[in-house]
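We number each residue from 1, following the sequence as shown. Worth knowing before you read on, the calculation uses all heavy atoms, side chains too, and leaves out hydrogens, waters and symmetry mates. The structure presented is a predicted model; accordingly, all values stated were derived computationally and were not measured.
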Amino acid sequence: MADRFFLNEMPLYIPETSAMGSSMSETGDSLTKLIHHPYKSLCQILNKTALDLTNTVVRETWVKCGKRAQDYSLYTGALGTALLLFKAYQVTNNKGDLALSSDIIKACDSASRGSKNVTFICGRSGICALGAVVAKQAGDEQLLDHYLTQFKQIKLPTDLPYELLYGRAGFLWSCSFLNKHIGEGTISESTMREIVTDIMKAGRKLGKGRCPLMYEWHGKKYWGAAHGLAGIMHVLMDMPLTPDEQEDVKAVLRYMIRGRFPSGNYPSSEGSESDRLVHWCHGAPGLALTLAKAAQVFGDKDLLQAAVDAAEVVWNRGLLKRVGICHGISGNTYVFLALYRLTGNAEYLYRAKAFACFLQDKAERLIAEGFMHGGDRPYSLFEGLGGMAYLFLDMNEPSEARFPAYEL
């Protein structure tokens, strides 16, 4: 199990007030010195790395591909590069980044025509939703109308699963994204209600017994954020739910809390006894983000404590030997940012800072030396260095940081 992560030997907490006051900042190794930087000066370092990485990501995923979207997904493809550029624009106000983001989205739009993939992370709805938001930011009303029209023409296949990456929850997240960034009512409540009803009906049908809602993907009853209960519940909590539906969501979360491993980590699927994965996609990190959201939505102290408990697993076992958002250190860092946003506890901001420092100091060297996996698509948003760049940019405004395509 320990071969999946690096031992976390970083200090449990260094208050910002004493960040530069320790002799360790002068005598320690490079990681220790970095952790002792005050937060604002650290962000300047992270920004430079992020913008350099963004240029590299653009070159590797766009320019070298002939400025065509060979893979149009947000997960591993060109749309992830477009989202990274949009994030860079939000930090630097560089209009060139905004224009290039728009160009890449247009290529993804063309490449995905006729696709049956309909979710934000892997399909058409993500292209249209992000395209609309970028067009609005650029003041292009005609392009905004184009993407909204295309979005509303998306038809959900009858055999569509229910999970986040490829299913109904993933399309529903796109609806929430548009309503947040374009305006409430952009996607009608009736459109979303129909999908919510389908998700609840299917979950109740399969969930007879101890858990009120259950879903299958490829024959497994997954628990995690990408394919299972955590992701579906996360999306449902952005919907106007009936009291009965709210109780079902809370009961599902309590069911999973009761089913934790003694370590505090979570199974990847129903009945699994393998306590190995500490990822956003499977394990404590994705559950921590969902439980933190539930604590906010329902005002439930037990759910908050469960989120805190899951974050402890991430601190102890979350320095993964991978760099990305989905199953790497970059994604796991968002657990601490979410809990900082929710609680205001500076120790969580420090933990996010520590994980980011580890990446800044060690990631590229460890990847080059073969001690860390750079991702099957090493420059992509969800698997590779694109995700690290996105995180570093998000560190500028920690109270506004959101796990891409998961937290609104």
Residues [X], [Y]: salt bridge by 4.0 Å N-O rule:
{"X": "Arg365", "Y": "Glu369", "answer": "yes"}
{"X": "Asp275", "Y": "Arg260", "answer": "no"}
{"X": "Lys250", "Y": "Asp300", "answer": "no"}
{"X": "Lys33", "Y": "Asp361", "answer": "no"}
{"X": "Glu245", "Y": "Arg193", "answer": "yes"}

Atom [atom1] in [X], atom [atom2] in [Y]: separation rounded to 0.5 Å?
{"X": "Leu385", "Y": "Leu53", "atom1": "CG", "atom2": "CG", "value": "5.5 Å"}
{"X": "Leu366", "Y": "His373", "atom1": "CG", "atom2": "NE2", "value": "14.0 Å"}
{"X": "Leu42", "Y": "Glu16", "atom1": "CG", "atom2": "CD", "value": "8.5 Å"}
{"X": "Thr92", "Y": "Lys87", "atom1": "OG1", "atom2": "NZ", "value": "11.5 Å"}
{"X": "Thr54", "Y": "Phe392", "atom1": "OG1", "atom2": "CZ", "value": "11.0 Å"}
{"X": "His327", "Y": "Asn332", "atom1": "NE2", "atom2": "CG", "value": "11.0 Å"}

Check whether [X] reaches the backbone of [Y] with its side chain - one donor and one acceptor, N or O, closer than 3.5 Å.
{"X": "Asp140", "Y": "Ala135", "result": "no"}
{"X": "Asp97", "Y": "Leu85", "result": "no"}
{"X": "Ser125", "Y": "Val118", "result": "yes"}
{"X": "Thr119", "Y": "Gly170", "result": "no"}

Using side-chain heavy atoms (C-beta onward) and a distance below 4.5 Å, is [X] in contact with [Y]?
{"X": "Lys353", "Y": "Phe336", "result": "no"}
{"X": "Arg124", "Y": "Arg113", "result": "yes"}
{"X": "Leu303", "Y": "Ile257", "result": "yes"}
{"X": "Val249", "Y": "Glu247", "result": "no"}
{"X": "Leu291", "Y": "Gln296", "result": "no"}
{"X": "Met395", "Y": "Leu337", "result": "yes"}
{"X": "Val134", "Y": "Ile105", "result": "yes"}

Ser190 vs Ser188, side-chain hydrogen bond (donor to acceptor under 3.5 Å, both in side chains): CA-CA, chis, key distance, verdict: CA-CA 5 Å; Ser190 62; Ser188 69; 3.1 Å; yes
Classify the ring geometry of Phe171 against Phe151: parallel below 30°, tilted from 30° to 60°, perpendicular beyond 60°. parallel
Hydrogens and angles aside, do [X] and [Y] bring a side-chain donor and acceptor to less than 3.5 Å of each other?
{"X": "Ser73", "Y": "Asp71", "result": "yes"}
{"X": "Tyr72", "Y": "Ser115", "result": "yes"}
{"X": "His146", "Y": "Asp109", "result": "yes"}
{"X": "Asn47", "Y": "Asn396", "result": "yes"}
{"X": "Tyr222", "Y": "Glu216", "result": "no"}
{"X": "Asn179", "Y": "Ser176", "result": "no"}
{"X": "Thr76", "Y": "Ser380", "result": "no"}

Ring centre gap for [X] and [Y] strictly below 6.0 Å:
{"X": "Tyr350", "Y": "Tyr340", "result": "no"}
{"X": "Tyr162", "Y": "Trp217", "result": "no"}
{"X": "Tyr215", "Y": "Trp223", "result": "no"}

Between [X] and [Y], what is the shortest heavy-atom contact and its length?
{"X": "Ala284", "Y": "Tyr266", "answer": "CA-CD1, 4.1 Å"}
{"X": "Ala288", "Y": "Ala310", "answer": "CB-CB, 3.7 Å"}
{"X": "Lys220", "Y": "Ser269", "answer": "CD-OG, 4.3 Å"}
{"X": "Leu7", "Y": "Leu319", "answer": "O-CD1, 4.3 Å"}

Using distance only, find each side-chain donor-acceptor pair of residues 401-408 under 3.5 Å and give its atom names and separation, not counting sequence neighbours.
residue : atom : partner : partner atom : Å
Arg402  : NE   : Leu408  : O            : 2.7
Arg402  : NH1  : Ser399  : O            : 3.3
Arg402  : NH1  : Glu400  : O            : 3.3
Tyr406  : OH   : Ala230  : O            : 3.3
Tyr406  : OH   : Thr290  : OG1          : 2.7
Glu407  : OE1  : Phe403  : N            : 2.8
Glu407  : OE2  : Arg341  : NH2          : 2.8

Please test Asn316 against Asn8 for side-chain contact (heavy atoms from CB on, under 4.5 Å), starting from the C-alpha separation and ending with a verdict. CA-CA 6 Å; Asn316 291 317; Asn8 187 353; 5.8 Å; no
Apply side-chain contact (heavy atoms from CB on, under 4.5 Å) to Tyr348 and Leu342, showing your working. CA-CA 10 Å; Tyr348 289 117; Leu342 180 62; over 6 Å; no
Check Phe355, Tyr13, Phe5 against Trp315 for a ring pair (Phe, Tyr, Trp, His ring centres under 6.0 Å) and give me the one that passes. Phe355
Apply side-chain contact (heavy atoms from CB on, under 4.5 Å) to residues Arg322 and Ile329 and explain how you reach the verdict. CA-CA 6 Å; Arg322 292 176 178 264; Ile329 297 173; over 6 Å; no
With a sphere of 6.0 Å drawn around CD of Glu189, does it hold more than 12 non-hydrogen atoms of other residues, nucleotides or ligands? no
Around Gln305, counting heavy atoms of other residues, nucleotides and ligands shown, do more than 12 lie under 6.0 Å from its CD? yes
In sequence, state the C-alpha distance, the side-chain angles, and the governing distance for Lys293 and Asp238, and then conclude on salt bridge (charged side-chain N to carboxylate O under 4.0 Å, His left out). CA-CA 10 Å; Lys293 182 179 184 67; Asp238 285 315; 2.8 Å; yes
